Undergrad: 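The structure's right below; bear with me while I get my questions together.
Proteins get letters first, then strands, A, B, ... in listed order; numbering begins at 1 in each. Please read all numbers here as calculations on a predicted model, not as lab measurements.
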There are 2 protein chains.
Amino acid sequence: MSIDGPKVLIVEDEPSQLELLSYNLDVEGYNVFKAETGEQGLLILEETEIDIILLDWMLPQASGLEVCRQIKRNKATKSIPVIMLTARGEEEDKVRGLDTGADDYIVKPYSIKELLARVRAGLRSRDGGKGVDVLSYENLSMDLTRHGVTVEDHNVHLGPLEFKLLRVLLEAPGRVFSRDQLLERVWANSLEVETRTVDVHIGRLRKQLNAACNDDYIRTVRGFGYSLDKFA
Amino acid sequence: MSIDGPKVLIVEDEPSQLELLSYNLDVEGYNVFKAETGEQGLLILEETEIDIILLDWMLPQASGLEVCRQIKRNKATKSIPVIMLTARGEEEDKVRGLDTGADDYIVKPYSIKELLARVRAGLRSRDGGKGVDVLSYENLSMDLTRHGVTVEDHNVHLGPLEFKLLRVLLEAPGRVFSRDQLLERVWANSLEVETRTVDVHIGRLRKQLNAACNDDYIRTVRGFGYSLDKFA
DNA sequence: AATCAATGTAACAGTTTTGTAAAATGACGC
DNA sequence: GCGTCATTTTACAAAACTGTTACATTGATT
């Protein structure tokens, strides 16, 4: 039970998920508020100065989408960052497209590590918006909040998938990821995606990165997969 | 399907928990096997060389307790560390007291961080820590997660077979392996492979290593086989 | 030194894996 | 609906890897 930390509101109907999330956030020093329905969540929002909201997409009564709308409609709460938790297969693209006003979303099953990173990013964006979340390796750097990538000081424009792909690689530079692992992380295992698709996207990513620099940042490990590695 | 990492078997009936655990372990580089019932779990244990087991206390049919007993009764599996996952209120004290043979237990809701720490600890306690990801001998080192090999600070590029071969040698530096032993370990005895093939691959490995350093790391023991040894 | 068996290795052919362009698909905004 | 864009699949080319063979070299033994 932390005393101060930022206040996080979790709205999630499945108790075990709620517990787990709450516990993990608590361990990190956050001040956790729990709600099992949208109504409860909105009530808590009225009473407490919440700093960030984790909102399950699927909720028993009002859908997460609806709850999000309500939060964003209310002047007092509209500036609170909302991270939507969506289950695999609930078509993340639609989520992105929809005008929910959500600030971020994350697809289940997510790694707690990633979730925590997003929460931090969300909090940063709120107060001052100055803080940056930057991943980098050698001369390559990725600004998560700006969604921008730089190689040797050249800006590189990446499509959404390429961006995600690079992000995964960048989260553990040097580590070799099998095609299956990449499918799982980048494509959230949306079944029916060929493993070879990974190759094509790796190829594109490579081309984009190399266009700006010369050295090859992506290493192919024959028979295993790929890694971000200036192996030389 | 992860490639390297230690193999973790999770036995947990609640799908969302199973997914979450599995995903988080996978992200950390473990090779995850999933089972929703004790039976399934035991089956997997028969087929696969599991390194550590996460076992839910509450299971639909056979209770986790019973499954644990069975694991510990079986000579082949008794040495595999078992971490029990118990829900709060299921009287942890009793768990501790009971002679389940479990090596560790953790109470829900747990922080993933803590769980991962316990898993690492469990693996360490096993056989001297099979969870090592760097093998080395003298100035030669092999990073398993990176799939990279270094000799005197030079990177060496090895093909999949050469890599495996070196790995076997590196797991017991100095020990002499006969060609048959190497065939067994590296080629998994895929029938119809000539003995002489080993020589060829040893030769290739040698060439690659020597290209980067000068000293010969591989010793030929005439009439017996090869070993990793900077003898002369 | 001559012999013989064991080992080293280059070269080849066959296979597998990866790179990539281009066509098919699908989503979205107009 | 239609064009545009991003993604996925497909198909083929290129590259890397493998196992075998043949021949060269080595080392032990006589």
Side-chain angles (χ1 to χ4, degrees), chain A residues 89-100 147 156-166 176-180 182-211 216-227 229 231, chain B residues 1 3 147 149 156-167 176-211 216-227 229 231-232:
Chain A
E90 276 168 7
E91 293 170 84
E92 25 175 333
D93 292 30
K94 279 191 183 161
V95 178
R96 171 177 275 148
L98 285 168
D99 178 29
T100 59
H147 243 258
V156 181
H157 173 74
L158 299 180
L161 255 181
E162 284 145 25
F163 190 85
K164 266 196 186 178
L165 189 52
L166 180 56
V176 177
F177 292 90
S178 71
R179 292 172 173 71
D180 284 332
L182 291 173
L183 277 177
E184 200 171 297
R185 286 171 177 65
V186 176
W187 280 261
N189 249 342
S190 64
L191 309 174
E192 331 218 19
V193 178
E194 297 287 331
T195 49
R196 287 307 306 281
T197 301
V198 176
D199 297 82
V200 177
H201 282 277
I202 284 280
R204 281 215 270 275
L205 179 54
R206 236 191 203 132
K207 199 195 282 180
Q208 310 252 34
L209 296 180
N210 294 1
D216 196 355
Y217 278 87
I218 294 177
R219 180 162 75 111
T220 302
V221 182
R222 188 163 258 257
F224 294 95
Y226 301 96
S227 72
D229 203 333
F231 200 69
Chain B
M1 217 161 328
I3 30 171
H147 259 270
V149 174
V156 182
H157 174 81
L158 301 179
L161 257 180
E162 284 144 25
F163 191 86
K164 269 195 190 174
L165 189 52
L166 179 56
R167 184 180 170 168
V176 179
F177 292 90
S178 72
R179 292 171 173 69
D180 283 333
Q181 286 175 323
L182 291 174
L183 276 177
E184 199 173 300
R185 281 157 212 255
V186 177
W187 279 260
N189 254 338
S190 70
L191 312 172
E192 330 219 18
V193 178
E194 297 288 331
T195 313
R196 289 306 309 282
T197 301
V198 177
D199 298 307
V200 176
H201 280 278
I202 285 281
R204 285 178 186 155
L205 179 54
R206 234 185 204 138
K207 197 199 283 182
Q208 310 254 31
L209 295 180
N210 294 2
D216 195 355
Y217 277 87
I218 295 177
R219 182 160 72 110
T220 303
V221 182
R222 187 164 259 257
F224 293 95
Y226 302 95
S227 73
D229 204 331
F231 210 74

Undergrad: State, with a plain yes or no, whether a side-chain heavy atom of B:T220 is found less than 4.5 Å away from one of B:R206.
TA: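 Yes, their side chains come closer than 4.5 Å.
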Undergrad: Should B:H201 be listed as having a side-chain N or O under 4.0 Å from OP1 or OP2 of D:dG19?
TA: yes
Undergrad: How long is the line joining CD of A:E194 and C1' of D:dA11, in whole Å?
TA: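 Answer to the nearest Å: 13 Å.
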Undergrad: When you check the side-chain N and O atoms of B:N210 and B:Y217, is any donor under 3.5 Å from an acceptor?
TA: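 Absent: no donor and acceptor within the cut-off.
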Undergrad: What is the separation between atom NE2 on B:H147 and atom C1' on D:dA16, rounded to the nearest whole Å?
TA: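 Between C1' of D:dA16 and NE2 of B:H147: 16 Å.
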Undergrad: Base, sugar-phosphate, or nothing for A:T197, non-hydrogen atoms under 4.0 angstrom?
TA: base
Undergrad: Considering just the side-chain nitrogens and oxygens of A:K207, establish if one lies under 4.0 Å of OP1 or OP2 belonging to C:dG19.
TA: no
Undergrad: Considering only side-chain heavy atoms of B:L161, which listed nucleotide, D:dG19, D:dC17, C:dT18, is closest?
TA: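 Out of D:dG19, D:dC17, C:dT18, the nucleotide with an atom closest to B:L161's side chain is D:dG19.
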Undergrad: Can you check the B:L205 CG to D:dC17 P distance for me, whole Å?
TA: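 Rounded to the whole Å, the gap is 13 Å.
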Undergrad: Can you name the closest pair of heavy atoms from B:L209 and B:I218 and give their distance?
TA: CD1-CD1, 4.4 Å
Undergrad: Where the side chain of B:P160 is concerned, which of D:dC17, D:dT8, C:dT9 is the nearest nucleotide?
TA: D:dC17
Undergrad: From the options A:H201, A:K207, A:Q208, select the one residue that forms a side-chain hydrogen bond (donor to acceptor under 3.5 Å, both in side chains) with A:E162.
TA: A:Q208
Undergrad: Output the rounded distance in Å from CZ (B:R179) to P (D:dT20).
TA: 15 Å
Undergrad: I need the CD1-C1' distance between B:I218 and C:dT7, as an integer number of Å.
TA: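 Going from CD1 in B:I218 over to C1' in C:dT7 covers 14 Å.
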Undergrad: Could you tell me whether the phosphate oxygens of D:dC17, OP1 or OP2, come under 4.0 Å of any side-chain nitrogen or oxygen in B:H157?
TA: yes
Undergrad: Are the side chains of A:R185 and A:F177 in touch, meaning some heavy atoms are under 4.5 Å apart?
TA: yes
Undergrad: How long is the line joining CG of B:D199 and P of C:dA6, in whole Å?
TA: 11 Å
Undergrad: Mind calculating the distance between CD (B:Q208) and C1' (D:dC17) to the nearest angstrom?
TA: 11 Å
Undergrad: Between B:T220 and C:dA6, is there a side-chain N or O to OP1/OP2 distance below 4.0 Å?
TA: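 Negative; the distance criterion is not met.
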Undergrad: Do B:Y226 and B:D199 touch side chain to side chain, with heavy atoms closer than 4.5 Å?
TA: yes
Undergrad: Tabulated below should be each protein N or O lying under 3.5 Å from an N or O of nucleotides 22-29 of chain D; please produce it.
TA:
| residue | atom | partner | partner atom | Å |
| --- | --- | --- | --- | --- |
| D:dT26 | O2 | B:R222 | NH2 | 3.1 |

Undergrad: Of the non-hydrogen atoms in B:L183 and B:T195, which two are nearest, and what is the gap between them?
TA: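 Looking at all heavy atoms of both residues, the closest pair is CD1-CA, 4.3 Å.
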Undergrad: Grab the two heavy atoms, one from B:G225 and one from B:R179, that are nearest each other, plus how far apart they are.
TA: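 In terms of heavy atoms, the two residues are closest at CA-NH1, 3.8 Å.
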Undergrad: So B:R204, base contact, sugar-phosphate only, or nothing? Heavy-atom distance under 4.0 Å.
TA: base
Undergrad: Ignoring backbone atoms, test whether A:Y226 places a side-chain nitrogen or oxygen under 4.0 Å from the OP1 or OP2 oxygen of C:dT17.
TA: no
Undergrad: From CZ of A:F224 over to P of D:dC17, roughly how many Å is that when rounded to an integer?
TA: 11 Å
Undergrad: Could you tell me whether the phosphate oxygens of D:dT7, OP1 or OP2, come under 4.0 Å of any side-chain nitrogen or oxygen in A:W187?
TA: no
